[in-house]
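So that the names make sense, note that chain A is the first sequence line, chain B the second, and so on, each numbered from 1.
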Amino acid sequence: MDDQYQPAKVEREAREHWDANATFQAPEDPSREKFYCLSMFPYPSGRLHMGHVRNYTIGDVITRFERMRGRNVLQPMGWDAFGLPAENAAMANGVPPAQWTYDNIAYMKDQLRALGFALDWSRELATCHPEYYRWNQWLFLRMLEQGIAYKKSGVVNWDPVDQTVLANEQVIDGRGWRTGAVVEKREIPMYYLAITRYADELLEALDDLPGWPPQVKTMQANWIGKSHGVRFAFPYELDGEPGKLWVFTTRADTIMGVTFCAVAAEHPLAERAARDDPELAAFIDECKRGGVAEADLATIEKKGMPTGLQVTHPLTGEPVDVWVGNYVLMGYGDGAVMAVPAHDERDFEFALKYGLPIRQVIDVPGETFSDTEWRPWYADKERGVCVNSGKYDGLAYVEAVDAIAADLAAQGLGEKRVQYRLRDWGVSRQRYWGCPIPIVHCESCGDVPVPDDQLPVVLPEDCVPDGHGNPLARREDFIATSCPSCGGPARRETDTMDTFVDSSWYYARYCCRDNDAAMTDARVDYWMPVDQYVGGIEHAILHLLYSRFWTRVMRDTGLVKCDEPFTNLLTQGMVVAETYYREEAGKKTFFNPADVEVRRDDKGKVTGAVARADGQPVVVGGIEKMSKSKNNGVDPQALVERYGADTVRLFTMFAAPPEQSLEWSDSGVEGASRFLKRLWTLASAWREAVAELNGGDAPAPADEGDAQPLRHEIHGVLQQALNDYGRYQFNTVVSACMKLLNLLGGLEPAGPPWHARVVHEGLAILLRLLAPVAPHVTHHLWRELGYGDEILEAGLPEVDPAALERDEIELVVQVNGKLRSQIRVPADSGRDAIEAAARGDANVRRFTEGKEVRKVIVVPGRLVNLVVVDAA
RNA sequence: GCCGGAGUGGCGAAAUUGGUAGACGCAGGGGACUCAAAAUCCCCCGGUGGCGACACCGUGUCGGUUCGAGUCCGACCUCCGGCACCA
């Protein structure tokens, strides 16, 4: 055994051992309890970043822990390989996205291997492989047959200079990121998936996911946004024709307070009115400027303009003005809303701004109404009662809605309706590097699905995007084809699918990725659902909701048997680090933490920082998510080379619990490295003694000298660590390992023989506890000390209940809830004995003297609280 | 704007169900070893007062419930994630 811990050597040998034995290839074995552990697959961006390292370390610790528990564990890995960054890289370097992507995959795969993850590489997949994405296309065709996939128009960001569609990310302050041109909203035909058909099921089933974080379920429920309301119409007559302006409201009880209606800029009424009104036409054009992202639309200044048109209030018969509002969206409901300024805050502000009437129709007794200042009770449907509402006066929310809905229904002008905020999923992208949508356009037959036997529609891999539209649209060899229906000349669809499609079902394909005849097979039924899914909180809604939807479509198509893809979900926090910069002429130049030296005062508090290069000060800019733009990323590669994978994994698990954000600290890594060195040194010092004990019969637990209190502590720490493993709180597992090492560090190889027996037992516990976190060094030491060949098969250490027993326990004594003393009592003391001991304690007496003890609270095993008052 | 989350020593954090606030580690201070440095080992380490035993204060802010609140309730402040074409 080397005297010095040499991580590179230890880790290489361990990996060679695992590779040679195919240790992590997971067979389908119905006789064993399976555990499918999955981390969100990476986008092959070039190099691993710390977020990847953290994500995959968490997944790996769970994988190895569950395996040591005896389960048949599968942990696969693959590549979310289609996407925008590959096109951007292509524009920057002139390299085809395919080549850039494959190069990145090769590089990042080596990086993943160097971290020692227990991955079954035989199942590796990449979504840009035709063998994978053909099944996107195949299931898309099934969805077309079922009517789940359909075509309608949708709104996109249009860059008028580059003549191209932009992603929301590429729109900065309403302008194209490359051209700086003001972006326009443009309507184009797109394919949609009817996720709303499953809205109710996706919502209801959240209750059956106890293994998901409650906040994720809340976010999904709010996203689906089920609401009960009334859809009704304002009749009108225009150009001699009768029409109806349909709106939806959850506050039908306020309908008598409607003083105007607002429609979206794209609404037919708005467009009709703009024909005769150049000023309105200009306003509508203004509304169409800017991007389509909801966050932007929701924060813009609310603007409007009257159309000059009027509709009729369905209950009062009064005329109601119709306005165009830039905050009304054509994509939501009917693209029109009723406005009740008195009882909706947004309408209230709009009415004040444009001098529109405000009519109070809800009252709360004891409150006074002001038509110049908004008060929250105006929208209170719990306490509100109808007023100024004719026959509805005096009705509360529920009764008023019922009565009004009934009256509207009687006229054929409305009905109660359940509405969802969730919209159908638009999957068409006007982009090259994605899965082709399997449709052929024929002049005589229209849009024709590609027959199954002609799948996959293969994406040519040699295109280089240039920022001007989709290069696929210029590839005649791809586009020109014949119509599957009539055989005549036809053209292929050049839109590709949203990359969320690729990631909506990869977890199922890992189970059967070599099947080229079917999307899934019986192996999927063995492994699915995923038992533990691990990934970033930023995917809490979209990716996870799409996956839940896709699983249900697969279920209804007979492809899987489960309803939900992920039984348990762990959402890990971000990796963040300090930022440093200098500012010149309003432009910030960021310095990497590695190039900065931090200055501290004599208490260790940070007072400033200087650049290593020139010794001149830099600004300490605050903690931010690691990113290229802030230049605060720490390269995992360099750390692994310097300290070894075990140290990086150990620090990553120790610095914060998985769900919290993790602040990077170089000196913290040093600390982790120090711990492993100390472990090595201790194992090295005891190697002979422990190996000798391992060579004979299992030694009895030591009980001489101070062995008993020591074993009591060791098993107490073990109990806590096993519990923390069970709740996936790995930072305190690591801290338990550190405590164990500290305990064993007090023993001497030259000391009495029981020392060796405690170390033998303690190391057997410590190494197995640490094995999931630091697999290489524990693998090595386990063998070196003669415990066995394979620590992964050694099972988890078990708590010895006898070691935890105590004759005496310590209790805290409080007086009026304040800590005053501690007492030792026999473990089996009754309430009376404990109370007597507490009252008799000298320091307690100082606080009870001359007072009356009103009440004594005894919390078994914890504390005694004496409640005293001044004697009367 | 809307939805979700988080705030505890100089720093990362711990406190499992309302029961000893600060485990474990980092940084810092002191010491040992060394010609010296590095490495390693030992001691101290929330604030204020006290020689000390101890006492008072302290978990973003303000208020409440309770014998007892970091933990529960209400209001507020700050920061972070998501908002449907970044992944």
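- Glycosidic torsion of rG81(B) falls outside 90° of 0, placing the base in anti.
- Of the candidate nucleotides rG19(B), rA13(B), rA84(B), rA13(B) has the atom nearest to the side chain of N731(A).
- Among the protein residues, R429(A) comes within range of the nucleic acid bases, having at least one heavy atom under 4.0 Å from a base atom.
- With rG82(B), rC41(B), rG12(B) as the choices, the nucleotide that has an atom nearest any side-chain atom of I541(A) turns out to be rG82(B).
- Residue R421(A) is in base contact, counting any heavy-atom pair closer than 4.0 Å across all strands shown.
- N222(A) contributes no side-chain N or O that forms a donor-acceptor pair with the base of rC3(B) under 3.5 Å.
- Residue A293(A) is classed as a sugar-phosphate contact, given heavy-atom separations below 4.0 Å to backbone atoms only.
- With distances taken from any side-chain atom of F654(A) to the nucleotides rA21(B), rA55(B), rC24(B), the minimum falls on rC24(B).
- Note on L866(A): nothing from the nucleic acid sits closer than 4.0 angstrom, heavy atoms only.
- Mapping S661(A) and T499(A) onto RNA chain B by nearest heavy atom places S661(A) at the nucleotide closer to the 5' end.
- Side chain of W433(A) to backbone of P85(A): no donor-acceptor contact under 3.5 angstrom is found.
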Margin query: Run the side-chain contact (heavy atoms from CB on, under 4.5 Å) test on Y191(A) and K152(A) for me, step by step, so that the C-alpha distance in whole Å, both residues' side-chain angles and the decisive distance to 0.1 Å come before the verdict.
Written below: CA-CA 6 Å; Y191(A) 283 95; K152(A) 70 168 182 182; over 6 Å; no
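- Nucleotides rA21(B) and rU59(B) place their C1' atoms 8 Å apart, quoted to the nearest Å.
- Look at CG on L544(A): it is 14 Å from C1' on rG81(B), rounded to the nearest Å.
- Heavy atoms of V812(A) sit under 4.0 angstrom from at least one base atom.
- Set against rA23(B), rA84(B), rA55(B), the side chain of K739(A) has rA23(B) as its closest nucleotide.
- Within 4.0 Å (heavy atoms only), L84(A) reaches sugar-phosphate atoms of the nucleic acid but no base atom.
- Between the NZ atom of K851(A) and the P atom of rC67(B) there is a distance of 18 Å, rounded to whole Å.
- Side-chain contact check for N865(A) and R820(A): no donor-acceptor pair (N or O, by modelled atom type) lies under 3.5 Å.
- Listed nucleotides: rG1(B), rG4(B), rA13(B). Nearest to the side chain of T299(A): rG1(B).
- Within the shown strands, rG1(B) is the pairing partner of rC83(B) under the Watson-Crick or G-U definition, both distances less than 3.5 Å.
- Distance N816(A) CG to rC56(B) C1': 16 Å, rounded to the nearest Å.
- Candidate nucleotides rC3(B), rA87(B), rA14(B) were compared by shortest atom distance to the side chain of P85(A), and rA87(B) ranks first.
- The CD-C1' distance, from Q572(A) to rG5(B), rounds to 15 Å in whole Å.
- Of the candidate nucleotides rG81(B), rA55(B), rG19(B), rG19(B) has the atom nearest to the side chain of V859(A).
- Counting only heavy atoms from C-beta on, A295(A) has its side chain closest to rG1(B) among rA14(B), rG1(B), rC86(B).
- Closest contact between the side chain of R674(A) and the listed nucleotides rC67(B), rC11(B), rC26(B) involves rC26(B).
- Using a 4.0 Å heavy-atom cutoff across all strands shown, E538(A) reaches at least one base atom of the nucleic acid.
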Note to self: Please determine whether salt bridge (Lys or Arg N to Asp or Glu O under 4.0 Å) holds for the pair E810(A) and R862(A), giving the CA-CA distance in whole Å, both sets of side-chain angles, and the decisive distance to 0.1 Å.
What the structure shows: CA-CA 8 Å; E810(A) 203 163 79; R862(A) 286 203 177 263; over 6 Å; no
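- Residue T681(A) is classed as having no contact, given no heavy-atom separation below 4.0 Å to the nucleic acid.
- Checking Q430(A) against D495(A) by side-chain atom types alone, a donor-acceptor pair falls below 3.5 Å.
- Taking a 6.0 Å sphere around CZ of R854(A), one finds it holds 12 or fewer heavy atoms contributed by other residues, nucleotides or ligands.
- The residue H539(A) sits close to a base: some heavy atom pair falls under 4.0 Å.
- We find that CD of Q660(A) is positioned 13 Å from C1' of rA15(B), with the value rounded to whole Å.
- Taking atom CE of M738(A) as the reference point, atom P of rA23(B) lies 14 Å away to the nearest angstrom.
- Residue M219(A) has its side chain nearest to rG81(B) when only rG81(B), rG12(B), rC54(B) are considered.
- D80(A) comes within contact range of the sugar-phosphate backbone alone, with a heavy-atom separation under 4.0 Å but no base atom that close.
- Between the CG atom of L650(A) and the C1' atom of rG12(B) there is a distance of 14 Å, given to the nearest Å.
- Using a 4.0 Å heavy-atom criterion, one finds that Q215(A) contacts the sugar-phosphate atoms exclusively.
- Among the protein residues, Q822(A) comes within range of the nucleic acid bases, having at least one heavy atom under 4.0 Å from a base atom.
- In this structure, a donor-acceptor pair under 3.5 Å is present between the side chains of S153(A) and E187(A).
- When Watson-Crick and G-U wobble pairs are counted only if both distances are under 3.5 Å, rG28(B) pairs with rC44(B).
- Among the atoms of the strands shown, only primed sugar atoms or phosphate atoms (P, OP1, OP2) are found under 4.0 Å from some heavy atom of K818(A).
- Look at rU78(B): its Watson-Crick or wobble partner, with both distances under 3.5 angstrom, is rA6(B).
- Remark: the backbone N or O of G469(A) is paired with a side-chain donor or acceptor of T164(A) at under 3.5 angstrom.
- Using a 4.0 Å heavy-atom criterion, one finds that D724(A) contacts no nucleic acid atom at all.
- For a distance-only test at 3.5 Å, the side chain of Q729(A) fails to qualify as a donor-acceptor partner of the base of rU16(B).
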